[in-house]
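Below is one structure; the comments refer to it alone.
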Amino acid sequence: MAYKLNPQQQLAVKNISDPLLVLAGAGSGKTSVIAHKITYLVKSCGFEPSQVAAVTFTNKSAKEMRARAIQMLGKTAGEKLRVSTFHTLGLNIIREEAQALGMRKNFSIFDDQDCMALLKELTERELQSDKKAIYQLQEVLGAWKNKLFTPEQAIAQADGQNELYAAKVYKRYVRHLKACNAVDFDDLILLPALLFKNNTEVRHRWQGKIRYLLVDEYQDTNGAQYELVKQLVGPEAKFTVVGDDDQSIYSWRGANPENLELLKKDFPTLEVVKLEQNYRCSKRVLKAANSLIDNNPHVFKKRLWSDLSYGEPIRVVETGNEEKESRMVVSDISARKLTENANYSDFAILYRGNFQARIFEKTLMEFKIPYRISGGQSFFARAEIRDIMAYLRLLVNPTDDAAFIRIANVPRREIGAMSLERLGNYARERHISMLEASQEMGLGSHLKGKGLSAVQRFANMIRNTASDCQGDAIADVLKTFIKALSYDSWLIESSSTPAAAEYRWKNVQELLSWIEGMLKETNIEQESDKLGAVVTRLVLRDRQEKDKDDAEGNEVQLLTLHAAKGLEFPHVYLVGMEEELMPHKSAIEEDNIDEERRLCYVGITRAKATLTLTFAKERKRFGSQISCKASRFLDELPMDDLDWPSKQGPVSEDERRDRGRAHLAKLKEMLNR
DNA sequence: ACGTTGCGCCTTTTT
DNA sequence: GGCGCAACGT
């Protein structure tokens, strides 16, 4: 990255009087611009570090941003900056304003899986756990939340039976969360946004606290996030948002790229700065990317250019099937590693769906090439981790019924579905949580004998441990607790093989050692509810990943296109460039090719030096062989810059030699310049 | 209350 | 082809 800012970058940094939109193309140095701007605000414009907030989407980029700022501002000032994800910002607001929101501070955060489970429970009678219907329901609720609709508003505007039903579920859903003293991920944004909207005093206070706001990846904001931004900046409109409409690939998750245009409407004095110089890709890669994305409609015109060399032709390779595709790619990597003296970590294989990774894994293994695969099931989605997290949540928040239900009978303690249901009924009648209900005398009317005593024993254990966690030796308390649970025996019992049990136990140990480490961190030590703070950060996936960083070695990277956003590699292989895969079948059906094209654009612009696109004529999918057509996106690339041998039928030896010579001549010409 | 079989599904997944 | 879930059987 350039140390000196180019003129556009300087414009983006120095303009602090107008609301500012920075359209930052791929590889145009936007992180650098944000870091410089933060520094400029503090060093030259008299802002207190604590008055400057920078918001990102991932913990990783928040961490990176803070590190950059600390580098430039020094540790003392840098650490006072408010650099966080949207969700953490929301969380902090909710914590501080818990009273105004009618919440207790030890609330739980339900993740997507918890919410799904809750919706399933709430709709049991009508939908009979029809997975698709529940998923759709979740989407509808999410859309309402994005529009800041309360259940009442949703009911009022509901059109038709289904919507009315969904709105009623929404109402029960909100009520249930409240009863558990819990929020979901959307609430972390929604609740502060609504609070600011409805409470002038609180809004003004926060507008005073945060005097300048920077937003990264702005194209990925949803309606609620934009509302939060609007409320936070107020009429002074001291903000800079940085985004790229061409890299909007999360609309299926509620991101609303139209927020870029909305900005112009809501802030008429908006200034727009375009960062069009790319510092990453060769001219040729950029030309291909531009040519592809030209097929999309644009509100803001933008043309990326590069000062780097023209680069090698972009290879397009057709193979017979996915097996051959993987062998072609892997042997190419292995050859190129030798000829260019490259590291394995210089190579990335990018694909549309996780299932495509499997065959590459197999082939890489055969070739004895080390690789790293990202994606698939996340650590926190694992059953054993969710179990332990549920225990922790219940220790922090005794009203977290979702956690209670999950672990009441894990490990087995003879609290079956029947007992849970009776306990639940009683709790509902008395308007108390299940853990509380477990310890009431009156429960005897609903639950008798063995069931009753099992439930009571469980509740007592949780209560006792929770009070032990008030002290200082939390890590020790937890270790003893897990041991007393015999969770390790339970894993052996419930796993199919001993090896699986061992692996899962190792995961539990890893989680515990993270917690131990986090408890020692200074910012946690200051908290009154240390365990609560740790659990919250874990649910938001906000943890220090030192181990992982250290382990990052010399390995070929296997990534989905979504996961590749923000990264760069000298050599990129974009595989499975076929109709129905890239663009994906469902996108074709839903007529949403533009987003697929952006996805492809993101993939192409990851490449610094060489780019190889591959597709297979046949591919095994869902067990049977299907024939494939080359992706339409390949035809949108500049033919002159492609090395696509099979395009015009078989090429004669002569022609191939001529092409090689032409290529060499071009290279020489470039060298002479 | 637990294990087994069989059916249906199958994109991406920042927090 | 493989996984998760649900229905069924013991």
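Here is the naming used below: chain letters follow the sequence lines, and residue numbers restart at 1 for every chain.
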Strictly under 6.0 Å, is that where the ring centroids of A:Trp144 and A:Tyr173 end up?
-> no
How long is the line joining CD of A:Glu217 and C1' of B:dT14, in whole Å?
-> 9 Å
Atom-to-atom span, CG of A:Leu559 to P of B:dT14 - whole angstrom | 12 Å
How are the rings of A:Phe379 and A:Trp514 set relative to one another: parallel (under 30°), tilted (30 to 60°) or perpendicular (over 60°)?
-> tilted
Per the O4'-C1'-N9-C4 / O4'-C1'-N1-C2 angle with a 90° window around 0, B:dT12 comes out anti
B:dT11 base / A:Arg253 side chain donor-acceptor hit below 3.5 Å | no
Side chain A:Arg541 and base B:dT15 donor-acceptor under 3.5 Å = no
Using 4.0 Å as the upper bound for N to carboxylate O, is an ion pair formed by A:Lys30 and A:Asp244?
-> no
Mind checking A:Asp112 for me? I need base, sugar-phosphate or nothing, with any heavy atom below 4.0 Å counting as a touch.
-> base
Side chain to side chain donor-acceptor pair (under 3.5 Å) partner of A:Glu325, chosen from A:Thr614, A:Thr363, A:Thr319 = A:Thr614
Donor-acceptor pair present, A:Ser586 side chain and B:dT11 base, under 3.5 Å = yes
For A:Leu191 and B:dT15, what is the distance between atoms CG and P respectively, to the nearest whole Å?
-> 20 Å
Expressed in angstrom and rounded to an integer, what is the separation of A:Leu561 atom CG from B:dT12 atom P?
-> 11 Å
With the side chain defined as heavy atoms from C-beta on, A:Thr560 is closest, among B:dT14, B:dT15, B:dT13, to B:dT13
Distance check: side-chain N/O of A:Asn354 vs OP1/OP2 of B:dT11, anything under 4.0 Å?
-> no
Which of these nucleotides, C:dG2, B:dT14, B:dT15, is closest to any side-chain atom of A:Arg358?
-> C:dG2
Of the candidates B:dC2, B:dT12, B:dT14, the side chain of A:Arg412 sits closest to B:dC2
For A:Asp220, report the nucleic acid contact type (base, sugar-phosphate, nothing); a contact means any heavy atom under 4.0 Å.
-> base
What is the distance, rounded to the nearest whole Å, between atom CZ of A:Arg619 and atom C1' of B:dT11?
-> 14 Å
Nearest-nucleotide 5' precedence on DNA chain B, A:Trp252 against A:Met418 = A:Met418
Toward the 5' end of DNA chain B, which comes first, A:Asn409 or A:Leu188, by nearest nucleotide?
-> A:Asn409
Euclidean distance, atom NZ of residue A:Lys565 to atom C1' of B:dT13 [Å, nearest integer] = 12 Å
Can you spot which of A:Arg632, A:Lys629, A:Arg619 makes a side chain to side chain donor-acceptor pair (under 3.5 Å) with A:Glu578?
-> A:Arg619
Give a yes/no answer on whether the side chain of A:Asn59 brings an N or O atom under 4.0 Å of OP1 or OP2 in B:dT15.
-> yes
Report the nucleotide, chosen from B:dT15, B:dT11, C:dA6, that has the shortest atom-to-atom distance to any side-chain atom of A:His584.
-> B:dT11
A:Glu590 near the nucleic acid: base, sugar-phosphate alone, or nothing, with a heavy-atom cut-off under 4.0 Å?
-> nothing
Approximate separation, where rounding is to 0.5 Å, of A:Ile415 CD1 and A:Lys450 NZ | 12.0 Å
Here the distance between atom C1' of B:dT15 and atom CZ of A:Phe86, to the nearest Å, is 12 Å
Quick one: A:Gln138 CD to B:dT15 P, roughly how many Å, whole number?
-> 17 Å
Could you check whether A:Phe57 and the base of B:dT15 form a stacked pair, meaning centres closer than 5.5 Å and planes differing by less than 30°?
-> no
